[in-house]
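Data block below; observations after.
Lettering follows sequence order; numbering is per chain, from 1.
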There are 2 protein chains.
Amino acid sequence: MRNEDAVEHIRNYHHNPNYLSSIEFDIKKLNLTSDINEAVVDADYIIFAVPSAFLNGELQKLTESLEGKVIFSAIKGIVPETSLIVGEHFNKTYNIPFENIGVITGPCHAEEVALERLSYLTIACGDAKKAEIVAKNLSGNYIKTKISDDIIGTEYAAMLKNIYAIAAGIAHGLGYGDNFQSVLMSNGIREMKKFIKKVHKMKRNINDSAYLGDLLVTGYSVFSRNRMFGNMIGKGYTVKSAMMEMSMVAEGYYATKSAYNLNLGYGAETPIIDAVYSILYEGKSAKYVFKKLMD
Amino acid sequence: MRNEDAVEHIRNYHHNPNYLSSIEFDIKKLNLTSDINEAVVDADYIIFAVPSAFLNGELQKLTESLEGKVIFSAIKGIVPETSLIVGEHFNKTYNIPFENIGVITGPCHAEEVALERLSYLTIACGDAKKAEIVAKNLSGNYIKTKISDDIIGTEYAAMLKNIYAIAAGIAHGLGYGDNFQSVLMSNGIREMKKFIKKVHKMKRNINDSAYLGDLLVTGYSVFSRNRMFGNMIGKGYTVKSAMMEMSMVAEGYYATKSAYNLNLGYGAETPIIDAVYSILYEGKSAKYVFKKLMD
């Protein structure tokens, strides 16, 4: 963990002071540390679950080598310093080969896992055996796992869904209803398919739960920070005041810029991403942009 | 309208006594009648919007010919007497050729249309020109229309979605959360695709709003009668008591039986439809069936 106080708190009181605090940990099963080198040195498999905005800063402290280690990411989003998804960041910055990189993806609200409600995870890795090892270790009574070889596609889906969740929030804030929301989501999944196909062409069913399911659980959730952020924009907040009000940045804000810029090279048809970009980064009126989008 | 009292009420008070009563009609634009023959005789285009359970009974009163007329259906479901979707019912029972049959489909809650919230309709007809005529006449400020040539597929989608809405309700009633719901919906759309492909193979994008959008607006709506019916089953009501409690039958109840029986011939892989069927018609325990479905 990045915060030594939180480590101490969990050691003493057996629960996290900041997130899902009602959950009690069996600390005999935990090896807690706030020192990334201590966590890394003895591990063969490492799962990173740091918010993407803090990942690069944390990795700067690393003096131990990552060579030969298997790196899984449960992080959804873009590393701001390199504008790369997490898997690509490890590949380009640390020379980790893709067969040693994996992604853990939903649809999976942490709140529901804490409540032990049945959830499905997709474990993607270039090397199916490593995906199976992680899948086996994470599955249990209320967690079912599937494996996939599409590490690029699943990670882009997890990133792009946050943009569509912002769009859903904007639409809600502007007063559009459930009829429109369902059209937005069906257009969103078709747009996501086109985008991901440009990034990494392979045989995939975009309606698998790691893509469509992940989009739906975020786009329809009133608890999604991205949807909430969009909702405020739709209601007339400026980007700056919406961010201040939320006191944390929605991942989709960065994702929008990265996806938009990436797509200048790819040229996929992405009217929803373009609309969100023009609202968040070009100061266009949400009402006007959505009216145009609809036509 | 089937009810002369309702006709009189609208003539006198300008609103429907039974549905969305707050909406005021401009009666100068309405030619109201409770006599199906009067409605049919002078019309070139006829849109049927009678609940499917009452359609056949109403058509029995018909003495005027339907020959040469263009028949559109805004009805979602199966005609119980013939176990056919509405388009097929008109084709088989009245010899209407498919180029004179059309379907009007959502995603479209009537409540939101009444509130003038932006909604999209898909108008499907074997003859694109006729679809365009209806699309043009129905579109306006808050109704946008698309046309399609997939009358069979859109109508089956509109029927099958109600089964998945029942499944979503059962899951909710059993205590499953949003993570599972999103997996159920992504499995549902893949299952729907396989089923419709068996019924009528053609090039269609199952993620178009007439299929996926329609599924989502129903599956995620707490107002859906089908979802509510499923919810009661999940909470432990018997089918009979859930029906009595709701004082009307959810369309998906009949759809489940028809789809299940049809699929005995088609042989598509439809674990969700099979699960709902075994709960509603074979008295299996919802808890047990869903536990098996999940694995």
Side-chain angles (χ1 to χ4, degrees), chain A residues 106-122 142-144 146 161 171-172 174-194 205-224 290-291 293-295, chain B residues 106-122 142-144 146 161 171-172 174-194 205-224 290-291 293-295:
Chain A
C108 205
H109 284 311
E111 291 80 355
E112 291 199 346
V113 175
L115 289 165
E116 304 192 356
R117 289 197 174 185
L118 184 71
S119 302
Y120 290 74
L121 294 174
T122 294
Y142 51 91
I143 299 286
K144 311 251 176 209
K146 294 171 63 168
K161 68 158 197 252
H172 185 74
L174 288 169
Y176 293 101
D178 294 347
N179 291 350
F180 179 68
Q181 162 85 347
S182 69
V183 174
L184 189 66
M185 288 294 117
S186 37
N187 287 5
I189 193 66
R190 282 179 283 147
E191 185 173 306
M192 184 191 277
K193 183 180 177 177
K194 286 181 203 157
N205 187 340
I206 202 73
N207 288 350
D208 276 342
S209 60
Y211 315 96
L212 177 62
D214 208 16
L215 171 66
L216 295 180
V217 85
T218 309
Y220 275 102
S221 168
V222 290
F223 302 109
S224 156
F290 264 65
K291 206 161 158 36
L293 180 65
M294 255 141 261
D295 293 330
Chain B
C108 206
H109 283 313
E111 291 81 356
E112 292 200 345
V113 176
L115 289 166
E116 304 191 357
R117 291 199 174 182
L118 183 72
S119 303
Y120 290 74
L121 294 175
T122 294
Y142 51 91
I143 299 286
K144 311 251 174 209
K146 295 170 63 168
K161 68 158 197 254
H172 185 74
L174 288 169
Y176 293 101
D178 294 347
N179 291 350
F180 180 68
Q181 161 86 347
S182 68
V183 174
L184 190 65
M185 288 294 117
S186 36
N187 286 6
I189 193 67
R190 283 180 282 146
E191 185 173 305
M192 183 192 279
K193 182 180 177 178
K194 286 179 203 158
N205 187 340
I206 202 74
N207 288 350
D208 277 341
S209 60
Y211 314 96
L212 177 62
D214 207 17
L215 171 66
L216 294 180
V217 85
T218 308
Y220 275 101
S221 168
V222 289
F223 303 109
S224 155
F290 265 66
K291 205 161 160 35
L293 180 65
M294 255 140 262
D295 295 329

State the [atom1]-[atom2] distance between [X] and [Y], to the nearest 0.5 angstrom.
{"X": "B:N187", "Y": "A:N207", "atom1": "CG", "atom2": "CG", "result": "10.0 Å"}
{"X": "B:R117", "Y": "A:F180", "atom1": "CZ", "atom2": "CZ", "result": "12.0 Å"}
{"X": "A:L118", "Y": "B:L184", "atom1": "CG", "atom2": "CG", "result": "11.0 Å"}
{"X": "B:D178", "Y": "A:C108", "atom1": "CG", "atom2": "SG", "result": "11.5 Å"}
{"X": "A:S182", "Y": "B:L216", "atom1": "OG", "atom2": "CG", "result": "6.5 Å"}

Based on non-hydrogen pairs under 4.5 Å, which of B:G106, B:S221, B:P107, B:S119 is most in contact with chain A?
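Heavy-atom pair counts peak at B:P107.
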
Would the distance check show the side chain of A:N179 and the main-chain N or O of B:H109 forming a donor-acceptor pair, the cut-off being under 3.5 Å?
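Present.
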
SB check A:D295 B:K144 (cutoff 4.0 Å)
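Counted as a salt bridge, because a side-chain N and a carboxylate O are separated by less than 4.0 Å.
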
Does B:D208 pair with A:R190 as a salt bridge, N-O distance under 4.0 Å?
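Salt bridge present between B:D208 and A:R190.
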
Atom group of B:Y220 that falls short of 4.5 Å from chain A, counting heavy atoms
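Side chain of B:Y220 only, per the 4.5 Å heavy-atom cut-off to chain A.
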
Pick from A:M185, A:Q181, A:M294: which one has the most heavy-atom pairs with chain B under 4.5 Å?
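Among A:M185, A:Q181, A:M294, the one with the most close pairs to chain B is A:M294.
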
Let me know if A:I206 has heavy atoms under 4.5 Å from chain B in its side chain, its backbone, both or neither.
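Side chain only.
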
